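Below is one structure. I have some questions about it.
Treat the numbers as computed from the prediction; the structure is a model and nothing was measured. Below, chain A is the first sequence line, B the second, and so on; all start at residue 1.
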Protein chains: 2
Amino acid sequence: MIETPSPFYEFNGKTYQCPIELSIALFAGRWKPTIIYKLLDGKKRYGELKKLIEGINHKVLAEQLRDLEASGIIARHVFPTNPPKVEYELTPLGEGLRPAIDHLQQWGLQFQAEHSKTKPVANHCPELAQEQK
Amino acid sequence: MIETPSPFYEFNGKTYQCPIELSIALFAGRWKPTIIYKLLDGKKRYGELKKLIEGINHKVLAEQLRDLEASGIIARHVFPTNPPKVEYELTPLGEGLRPAIDHLQQWGLQFQAEHSKTKPVANHCPELAQEQK
DNA sequence: CAGTATCCTGATAGATACTG
DNA sequence: CAGTATCTATCAGGATACTG
């Protein structure tokens, strides 16, 4: 495996033992991957994201967006209109996550496939969409 | 009326909206990435992992290992000797994470570099190395 | 429309002690 | 050596209401 040049990686007052830990800490979480995933498709307004990400809480979406912005992964553009309009888009840094995300997606699909073999997925149950209550 | 634009991904009773969410859920967490990272280097005994991952709690390591095993990412080999010896290694599925992890690592390094430019990292503080205790 | 401020709760991490 | 069992502490996530 690749040797880590320096043993510790610091960001925002936290210390990480390897770059992966840092990466994961920055874009993991209950919703961040999904947000980034949606933004890979192009910039989106707050409300669009809210609608696209079914089940996410209003406050939580705002929080996660602020986190991602603080990490420099997304950029926030405010249009001082009335009513207000705010757009979010990936920064170049955020775009840099694309290959990693692509691989994660492929891995997720592979994982799904593996498990479908032994234990078929219950896709017959549309109520699952409501699971996050 | 819930639109179901993307299929669901289910595992272990939880539903995910996209494969990435699933992937992250499976190998994110405070320590899982680090564990996997260490195992990419080859199989390790419990005690080795404990030593390699400075700061991890005894119980937590055991838990995370069990989670990863349940997900099929790592395999556990028990040698019924005295004292007991247990080895952990990545399964083929776990190995499949390597490209994703490689990209995450690169991204983490890039991130680190970006932030070093504007806001120099406080590497002057050796106590940081001891932070996890 | 987008964003805060409270309050609450469940999942996770950690400290510690005990077991084969 | 490796693994449980408790107990506690913490914190991210969520429900809800209010604001420009």
### Task
For B:I56 and C:dG14, give me the distance from atom CD1 to atom C1', rounded to whole Å.
11 Å
### Worked verdict on A:K50 versus A:I56 for side-chain contact (heavy atoms from CB on, under 4.5 Å)
CA-CA 7 Å; A:K50 182 77 174 62; A:I56 193 170; 4.3 Å; yes
### Task
Compare the minimum distances between each of D:dC1, C:dG3, C:dG14 and the side chain of B:P84, then state the nucleotide with the smallest one.
D:dC1
### Query
So which of A:D41, A:L68, A:I73 actually passes side chain to side chain contact (heavy atoms under 4.5 Å, CB included) with A:L90?
A:I73
### Task
Kindly indicate whether the side chain of A:N57 and the base of D:dA15 share any N or O donor-acceptor pair separated by less than 3.5 Å?
yes
### Task
Calculate the interatomic distance between A:E87 atom CD and C:dG3 atom P; express it in whole Å.
12 Å
### Query
When all nucleic acid strands are considered with a 4.0 Å heavy-atom cut-off, which category describes B:F79: base, sugar-phosphate, or nothing?
nothing
### Query
Taking CG from A:D67 and P from D:dG13, how many angstroms apart are they, rounded to a whole number?
8 Å
### Query
Is D:dG20 paired to anything, Watson-Crick or G-U wobble with both distances less than 3.5 Å, and if yes, which nucleotide?
C:dC1
### Task
Look at the side-chain N and O atoms of A:Y46 and state whether any lies under 4.0 Å from the OP1 or OP2 oxygen of C:dT4.
no
### Query
When we call it a touch if two heavy atoms are under 4.0 Å apart, what does A:K59 touch: a base, just sugar-phosphate, or nothing?
base
### Message
Check this one for me: any side-chain N or O of A:R45 less than 4.0 Å away from OP1 or OP2 of C:dC1?
### Response
no
### Query
If you take atom types as modelled and just measure distance, does the side chain of B:H58 reach the base of C:dG14 with a donor-acceptor pair under 3.5 Å?
no
### Query
What is the distance, rounded to the nearest whole Å, between atom CD1 of B:I24 and atom C1' of D:dG13?
17 Å
### Message
If I take atom CG in residue A:L68 and atom C1' in nucleotide D:dA12, what distance separates them, rounded to the nearest angstrom?
### Response
14 Å
### Query
Heavy atoms under 4.0 Å, any strand shown: does B:V60 hit a base, just sugar-phosphate, or nothing?
base
### Query
When you measure from the side chain of B:W31, which nucleotide among D:dG3, C:dA13, D:dT16 comes out closest?
C:dA13
### Summary
When rounded to whole Å, the CD to P distance for the pair A:E48 and C:dA2 reads 8 Å
### Task
Using a cut-off of strictly less than 4.0 Å, decide whether B:R30 has a side-chain nitrogen or oxygen near OP1 or OP2 of D:dC11.
no
### Query
Taking B:K44 for the side chain and B:G42 for the main chain, is one N or O donor matched with an acceptor at less than 3.5 Å?
yes
### Task
Determine: side-chain N/O of A:Q64 to OP1/OP2 of D:dA12, distance under 4.0 Å, yes or no.
no
#### Entry: Distance, rounded to the nearest Å, where A:L26 contributes CG and D:dA12 contributes P
13 Å
### Atom-pair distance (CZ on A:R66; C1' on D:dA12), nearest Å
16 Å
### Task
Determine the sole option in A:K85, A:E89, A:E87 for which the side-chain hydrogen bond (donor to acceptor under 3.5 Å, both in side chains) test with A:H77 is passed.
A:E89
### Task
Report yes if some heavy atom in the side chain of A:Y46 is under 4.5 Å from a heavy atom in the side chain of A:R76; otherwise report no.
no
## Note on the structure
Comparing A:K32 with B:P83, nearest DNA chain D nucleotide closer to 5' gives the residue B:P83
## Note on the structure
Contacts of A:R76 and A:E63 projected onto DNA chain C by closest heavy atom; the upstream (5') one is A:R76
### Message
If we ignore hydrogens and angles and just use 3.5 Å, is the side chain of A:T91 paired with the main-chain N or O of A:G72 as donor and acceptor?
### Response
yes
